[in-house]
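Note on naming: letters A, B, ... go to the chains in the order of the sequence lines (proteins, then strands), and numbering restarts at 1 for each one. Everything quoted here is computed from the prediction, not taken from an experiment.
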Protein chains: 2
Amino acid sequence: MSRPEISNRRVTAADIARSLGLSRATVGFVLNETPGQTISEQTKQRVFAEAERLGYRPHTAARALASGRTRIVLVVLPDWPLDFSLRRNLEEASLALDEAGYSLITYTPHPTGQARPLWETLAPDVALSMVGRFSQQQVDSMRRAGVRAMVPDPDQVDADEYPEEGPVLQVQHLARLGHCRIAFAESADPRIADLVALRHSRARQAAEELLLPAPVALSVNLGDDSASDAVRKAVSAGVTAIAAYNDEVAAALVGAALRAGIAVPQQLSVVGHDDAPIASIVEPQLSTVRIDTAGLGRYLAALALSAAEGHSPPATIPQTQLVLVERASTLPHT
Amino acid sequence: MSRPEISNRRVTAADIARSLGLSRATVGFVLNETPGQTISEQTKQRVFAEAERLGYRPHTAARALASGRTRIVLVVLPDWPLDFSLRRNLEEASLALDEAGYSLITYTPHPTGQARPLWETLAPDVALSMVGRFSQQQVDSMRRAGVRAMVPDPDQVDADEYPEEGPVLQVQHLARLGHCRIAFAESADPRIADLVALRHSRARQAAEELLLPAPVALSVNLGDDSASDAVRKAVSAGVTAIAAYNDEVAAALVGAALRAGIAVPQQLSVVGHDDAPIASIVEPQLSTVRIDTAGLGRYLAALALSAAEGHSPPATIPQTQLVLVERASTLPHT
DNA sequence: TCGAGGGACTAGCACGCGCAAGTAGATGAG
DNA sequence: CTCATCTACTTGCGCGTGCTAGTCCCTCGA
């Protein structure tokens with residue numbers, strides 16, 4: 001019934017206390033659910049109700065100053081455009097962190113390195129790298145800025161890499177369709193060279209295990225004509241099926257093939273990776289590998305949280321479910 | 001534990017003062033170059049030197065609490081992948097802001113909208129939208145969170161509106177090809193409803209000026225079958241050409257048309273917007289509108305700064321050059 | 001009757017900084 | 001010599017929270 005008072009000042013915990021005839025401390029204890037305090041249930045409810053009524057929002061800066069923790073997780077991203085799946089991961093992670101009262105902020109360091117790195121001004125509780133390990137210089141800078149935890153932990157050298165199983169699924173799928181001459185199409189973008197190489201090598205391993213010849217290596221640069229060259233190279237090498245680094249590369253190959261008069265999937269099968277929107281947009285729709293991005297995102301969040309609160313990290317990388325989605329861009333070899 | 005003790009505490013302005021036998025206020029005045037204070041040159045130099053020596057970094061949270069300003073500029077980005085030029089412009093803006101003591105933080109609101117928006121926890125001084133105007137709900141939320149300035153300014157309804165000329169180019173292009181029955185395909189995504197509506201209305205205006213009937217309104221939701229419905233609706237309305245909100249929508253329409261046995265561009269022309277990578281990936285390659293964002297970065301920074309400090313905005317909007325890139329998805333009406 | 005032992009709170013400091021209001025000493029005008 | 005003015009500082013409050021160290025009252029056992 002009673003409307004929140006109209007005032008340009010922001011609502012503080014002291015306002016709640018005053019309006020309820022309580023002390024600031026009590027209000028703080030209730031709102032933070034501080035352990036070791038005995039507050040009557042009735043008072044708690046009154047505080048919650050009044051906070052709601054007044055539209056109270058804790059002042060982040062004040063809280064950070066008092067507690068020494070910012071409740072910020074800084075995710076350091078590489079300089080290349082985000083894969084669809086990575087974006088979804090981050091969204092999922094952000095949601096999970098938000099629930100725990102943390103904020104996820106993304107940051108791409110500048111190549112020039114002129115500006116102060118964002119962690120110096122934000123002083124996040126946790127810095128999480130999606131680019132590999134932090135450099136010693138970065139680690140020092142973060143420590144000085146008060147970053148209490150980093151992922152991967154610079155003190156622990158053992159690297160638990162994400163087991164890229166997607167390319168394995170791609171190759172197995174193509175093999176099951178009877179394709180023997182397979183190619184793997186890399187993205188030529190140097191900034192993602194590591195991940196590209198990893199996926200390529202996993203594809204090679206998978207082929208080896210299936211006693212297939214090593215995949216022909218193709219390279220596609222989005223934005224120029226290299227996809228046409230790649231298709232030409234593949235065809236002249238007798239390739240009947242291509243596993244692509246991701247859906248964009250796959251789509252580029254499909255487009256180039258069609259332009260060259262090569263029917264997809266009748267003459268050439270192409271399988272993508274990530275199940276990005278583009279996979280179901282293009283014609284023919286792409287067979288691809290779907291990643292359990294939600295699970296991965298939650299894992300990321302759990303990793304950051306454990307680092308923030310000093311728990312031990314989640315036991316294992318969840319066996320995220322990869323699924324090969326069969327659409328129209330792959331067909332049995334004839 | 002693991003490290004030899006290096007004075008665990010962070011360096012504060014009080015440390016500098018103590019070490020120099022000065023008061024904290026003096027140090028503060030020097031470091032902030034506070035106007036209206038007379039400090040001897042010698043003292044200034046000693047303060048600067050000592051700050052440097054001790055590696056002093058102002059505590060952002062404390063400063064924000066005391067001054068009421070966070071010196072953060074929050075750039076709200078759309079949910080689609082950023083093209084390279086926009087990325088570089090953001091970097092440029094970030095650099096320029098850094099020089100002025102501000103930090104640029106990017107933020108992409110979550111589709112689910114479940115998490116608290118980042119501005120509530122960061123309380124930036126300025127929120128800058130790259131997605132069109134902020135919704136009234138967002139504006140209210142930001143005001144409540146203490147955001148002092150927004151770009152574009154929600155109070156100035158017509159000012160500094162980015163003149164969306166892209167749709168005009170699309171319609172003019174289609175008209176020049178002889179198409180009369182034109183449709184505009186919106187994205188159904190509610191997150192970008194404002195920008196979608198703006199482009200749609202610009203397309204409508206352009207059609208009107210060319211004495212064409214108002215474009216048929218189509219709505220496409222990436223990820224479901226709505227593109228097929230849209231194509232069906234367009235064809236039954238006698239439409240021969242579609243201007244799409246962006247390249248993804250355009251690609252989805254092209255895919256759906258092909259699947260329905262409608263030849264693109266022979267029976268249906270489609271023109272996209274943004275010149276995103278997908279535009280040159282799909283087959284047929286999309287005619288689209290390329291946005292030249294050169295210089296936009298520094299302009300953005302200047303815009304944010306003027307909003308932050310209450311100056312009048314920079315006079316000159318750089319004349320961003322829009323170009324219609326003609327590819328294979330549009331043909332003259334027969 | 002008294003004191004111990006809670007339950008339910010409150011008083012108040014610390015966090016690091018910005019900034020308004022003061023103050024001691026030097027200088028110059030009348 | 002007095003007083004105003006200026007320089008070069010210092011004192012100290014307040015920003016909104018988190019949290020330690022109480023305080024007050026009520027109940028209960030002896």
Below 4.5 Å, heavy atoms only, C-beta onward: do B/T108 and A/R87 meet side chain to side chain? yes

Nearest whole angstrom, please: distance from the P of D/dC15 to the CZ of A/R57. 21 Å

Nearest to the side chain of A/H59, which nucleotide is it out of C/dC17, D/dT17, D/dC9? D/dT17

What is the distance from atom NZ of A/K44 to atom CD of A/E33, rounded to the nearest 0.5 Å? 7.5 Å

Whole-Å distance, B/D15 CG to C/dC15 P, equals 11 Å

For nucleotides 18-25 of chain D, just jot down a letter per nucleotide in 5' to 3' order: B, S or -, based on protein non-hydrogen atoms under 4.0 Å. BBB-----

Correct closest heavy-atom pair for A/A145 and A/E120 would be CB-CA, 3.9 Å

Heavy-atom side-chain proximity of A/L97 to A/L305 below 4.5 angstrom: yes

N/O (side chain, A/S23) to phosphate O (OP1/OP2, C/dT10) under 4.0 Å: yes

Without decimals, in angstroms, what is the distance between B/R69 CZ and D/dG14 C1'? 18 Å

Taking atom P of C/dC17 as reference, at what distance in whole Å does atom CZ of B/R71 sit? 14 Å

Tell me: CG of B/L65 to C1' of D/dG16, nearest whole Å? 6 Å

For the pair A/S129 (side chain) and A/F134 (backbone), establish whether a donor and an acceptor sit closer than 3.5 Å, ignoring hydrogens and angles. no

Rounded distance (Å) that lies between atom C1' of C/dC9 and atom CG of A/L20: 13 Å

When A/Q136, A/Q137, A/R143, A/Q138 are each screened for side-chain hydrogen bond (donor to acceptor under 3.5 Å, both in side chains) with A/D140, the one that passes is A/Q136

Once rounded to the nearest 0.5 Å, what's the spacing between atom CG of B/L20 and atom CG of B/D15? 11.5 Å

Taking only side-chain N and O atoms of A/T43, does any of them lie within less than 4.0 angstrom of OP1 or OP2 on C/dA8? no

CZ of A/R10 versus P of D/dG16: gap in Å, rounded? 8 Å

Tell me what B/T38 touches on the nucleic acid: a base, only sugar-phosphate, or nothing, going by heavy atoms under 4.0 Å. base

